[in-house]
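Have a look at the structure below before the remarks.
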Amino acid sequence: MTVLKTSMRNFLAHKGRMALSAVAVLLSVAFVCGTLVFTDTMNTTFDKLFQATSSDVQVSAKGSSDTGETTSRTGKPPVLPASVVGKVREAQGVRSAEGTVFSTSVTVIDADKDKLSPTSGAPTIVGSWNGNDARTMEITSGAAPKGPDQVMVDADTAGKHDLKLGDEISVITAVGTHHARVSGIAAFKVTNPGAAIFYLDTETAQRTLVGRTGVYTDVNVMAARGVTDVQLKKNVTAALGHGYKVQTAKEVADANQKDVQSFLNVMKYAMLGFAGIAFLVGIFLIINTFSMLVAQRTREIGLLRAIGSSRKQVNRSVLVEALLLGVLGSVLGVGAGVGIAVGLMKLMGQMGMNLSTDDLTVAWTTPAIGLLLGVVVTVLAAYLPARRAGKVSPMAALRDAGAPADARAGAVRAVTGLLLTAGGGWCLYTAATADQAKTGSGWLGLGVVATLIGFVVIGPLLAAGLVRILGAVILRIFGPVGRMAERNALRNPRRTGATGAALMIGLALVACLSVVGSSMVASATDQLDKTVGTDFIIQGEQEYNLIKPQMVEKVKATPGLERVTEYKLLDASLTTPDGRVTKRETINAADATYVQDLRTKTVAGDLADAYEPDSMSVFEGFAKDHGIKLGSTVAVHFEDGRTAKLTVRAITSDEVVVDKGAMYASIATVAKYVPADRMPLDQLMFATAKDGQEAAAYKALKSALRDDPALTVRDQTDFKKALKDQIGQLLNMIYGLLALAIIVAVLGVVNTLALSVVERTREIGLMRAIGLSRRQLRRMIRLESVVIAVFGALLGLGLGMGWGATAQKLLALEGLKVLQIPWPTITGVFVGSAFVGLFAALIPAFRAGRMNVLNAIATD
């Protein structure tokens, strides 16, 4: 009980000093809890949607995906004959059965030819209005579609694009372009996470999406009273045989949820990873806080020891303070986490994904995890300072405050840090000289961890050297005030090293990712310059936006073009000369002019020969693995066609970036074995202008493809810019997440300075008494903060660039051979760290400047 009272008294006496540490715990816990609440809420939303929209049993074609999405490369969904509906109705236990048709391989535009697709990446669905939809949708205005000139749209999409009854829209499919006017608007009875849905009548949907009537993509089956979904599935399967895919509502929902879950897990674990980095940085802040508090209370602890307190009691007292700090920060963090989750939901709403706060899900595990993490991390971080407090001797009551440095411990620390850093450096060197990226990545991971820990451990030794250099370069120009700031930073190298290390972690990751991102862009740009020999690349904005036949004709009819190349992807299994069968390989089928559009290096043969009849190419690694040489015959079993026996005429190099690992054949060869109605749509098209007509052809192509805004036309400059923008957006998102760790690090600098000012209260009073002005005092503290921040930045940027350069060596094994250091970014971060130091010092410097001189001198 005495220990608890002492801990409570100390905690409340230093509540101001604990506040910033509590904020660090709060932010870290809030990020973890916010991530968990957000992803749980998304799961709840999708669960409700899938459960509400599923029939008891669903019958679909054998070739359809488990989730029901129609991502076929032909642009048309797999279908069932209409006779299946009759057979299903005759099955025992069936209350009703209704055929439906829908597709996601569509583009929908308004009268101004603007896309009506979601901006969130959710699908655009065009389907037939049916009884199952009538269960889950409510028509809020107008009426359901009747006839080929009518279409109904979901209320969310209508609201986003300001669609009203009577407005004209066009549906672009592989069959053609269908025009209709909005006849009705329907709202979901559950939350729609953002899909754009358009309904046609059944016959119009069949003609528009498939090109013929008398077929369906699915049959929705409802069970009679007392019949379970599982029993109904058995009965329907018995009636139809095993040539169809029959799933219960739960199986359909689980398949859809699994698809969503894979996306959510990537986002969830990425965000939790950044929260972990923030926790790591927070550990330094907590260690520093308690180390300084213990040092300031050395005399007080000595008195407690002198009157009978044991080492365990003193140790326990500090740990109880940490426990109080962890509980307080964690409880507030859990509450803030719910707020972060709501904020993320609002942000997703701005991006087009609707998430209702009615579905906000806070599982009991979320606050439990947040509290456990916050408390455990805080107590563990305070363990070393607590042990140090327990070692304070009763004789310390007779000395001035402040514990003497342990020279032996410092030497052990320095040796350990040097060994870890050297070991990490050796791992990075091994990674950089590895022959295989997979092997090298393991060494890279070890090197990153070892060098990071090594720099943290060796921080005090580095601080003693680097701060002197920084003092000579930056601080000496400020005269005596600068020299005092330097000495203050050097007074406790362990504290300076730990404070700088907190900032180092975030900046090291920023520098590493900047180097990797810049090198990827530079390498890809270099490869494009060397290999791409065409003027224009036509492709969909998303992978599923294939080029419809009508758009292909428009490209070919564009004036000013010298040649146009079509490019398709086909799935196949291969039987190689060694007798092995490889499953799900991709054949890149293109026109023979593709060899001019992409200058691909070969290790054997001429790639142009691969476009001869019944010929193909394979890539170097595949050829080595299967004993393939020029003239070898490979049996290609096309998934949507017959088996072809193709002769290998070329073997391409693995040292490429564009189309790495591709197997080529001509479209003419493939067309002999794949029926025309199963031939995939073009994934890409390449166009080359006649000499001197590049600008005119570029403009004409853009005009020709305006009818399908899902397609983009890029010249090489556009393509490079798009690549740079994509990587830039990814990096900016990562930098935003790393900002949490940097904010916690800034709090660490603020806390260190604030506690340092308290620790030096008497000293500050004496300096003020002998003539140091308030302005000079504030400048001294600001300069001390700047030099600590710049010290952390130097360590972080140097370490990060080393990691990034090593990672680029591994990327070089994959063909990305250009190392580029983004000096503007590195310089900006370095200069920014100085401003971070200035900002962090504002409050401590202001408080120091307001101290009463006499009271400060009288402080014990």
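Since the model is a prediction, treat every value here as computed from it, not as a measurement. By convention here, the first residue in the shown sequence is residue 1.
Note that CD1 of I277 is 5.0 Å distant from CG of L509, once rounded to the nearest 0.5 Å. Rounding to the nearest 0.5 Å gives a distance of 12.0 Å between CD1 of I727 and OG of S514. Atom CG of L842 sits about 11.0 Å away from atom CZ of R778, to the nearest 0.5 Å. The distance from the CD1 atom of I340 to the CG atom of L344 is 7.5 Å, given to the nearest 0.5 Å. Separation of atoms CG (L428) and OG1 (T451) is listed at 5.0 Å; rounding is to 0.5 Å. The line from CG of L418 to CG of L462 is 8.0 Å long, rounded to the nearest 0.5 Å.
Under the 3.5 Å distance criterion, the side-chain polar atoms of T366 are left unmatched by any main-chain donor or acceptor of V362. Here the side chain of S519 pairs no donor or acceptor atom with the backbone of V516 at under 3.5 angstrom. Of the possible donor and acceptor atoms, none in the side chain of S28 sits under 3.5 Å from a partner among the backbone N and O of V25.
Residues V29 and F279 meet the side-chain proximity criterion, which asks for heavy atoms closer than 4.5 Å. Taking 4.5 Å as the limit, some side-chain heavy atom of L452 sits within range of a side-chain heavy atom of M504. When side chains are defined from C-beta on, L461 does not count as touching P493, because their heavy atoms never get closer than 4.5 Å. Using a 4.5 Å cut-off on side-chain heavy atoms (C-beta onward), L795 and L466 make contact. In this structure, I821 and M801 have side chains that are in contact, with non-hydrogen atoms separated by less than 4.5 Å. The closest side-chain heavy-atom distance from L766 to I770 is not below 4.5 Å. A heavy-atom distance below 4.5 Å is found between the side chains of K268 and L36. Counting heavy atoms from C-beta outward, R491 and N488 have side chains that approach closer than 4.5 Å.
Smallest separation of non-hydrogen atoms from E486 and G471: OE1-CA, 3.8 Å. Taking all atoms of both residues into account, the shortest heavy-atom contact from V379 to L319 is O-CD2, 3.9 Å. The minimum heavy-atom distance between R468 and A464, with the atom names listed, is NH1-O, 2.7 Å. A463 and T496 make their closest contact through CB-CG2, 4.1 Å (heavy atoms, listed as atom of the first residue, atom of the second, distance). Nearest heavy atoms, L819 versus A805: CD1-CA, 4.1 Å. V818 approaches A522 most closely through the heavy-atom pair CG1-CB, 3.8 Å.
The environment of CE in M484 is crowded: more than 12 heavy-atom neighbours from other residues, nucleotides or ligands sit within 6.0 Å. Enclosure of atom CZ in R774 by more than 12 non-hydrogen atoms of other residues, nucleotides or ligands within 6.0 angstrom is indicated. Atom OH of Y735 sits in a crowded spot, with more than 12 heavy atoms from other residues, nucleotides or ligands closer than 6.0 Å.
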Start with the C-alpha distance between F38 and V342, add both sets of side-chain angles, then the distance that settles side chain to side chain contact (heavy atoms under 4.5 Å, CB included), and finish with yes or no.
CA-CA 7 Å; F38 176 67; V342 172; over 6 Å; no
Report the C-alpha separation of V377 and I283 in whole Å, then their side-chain angles, then the decisive distance to 0.1 Å, and conclude whether the side chain to side chain contact (heavy atoms under 4.5 Å, CB included) test is met.
CA-CA 7 Å; V377 167; I283 287 172; 3.7 Å; yes
Mind running side chain to side chain contact (heavy atoms under 4.5 Å, CB included) on L470 and L475 for me, showing each step along the way?
CA-CA 7 Å; L470 291 171; L475 301 181; over 6 Å; no
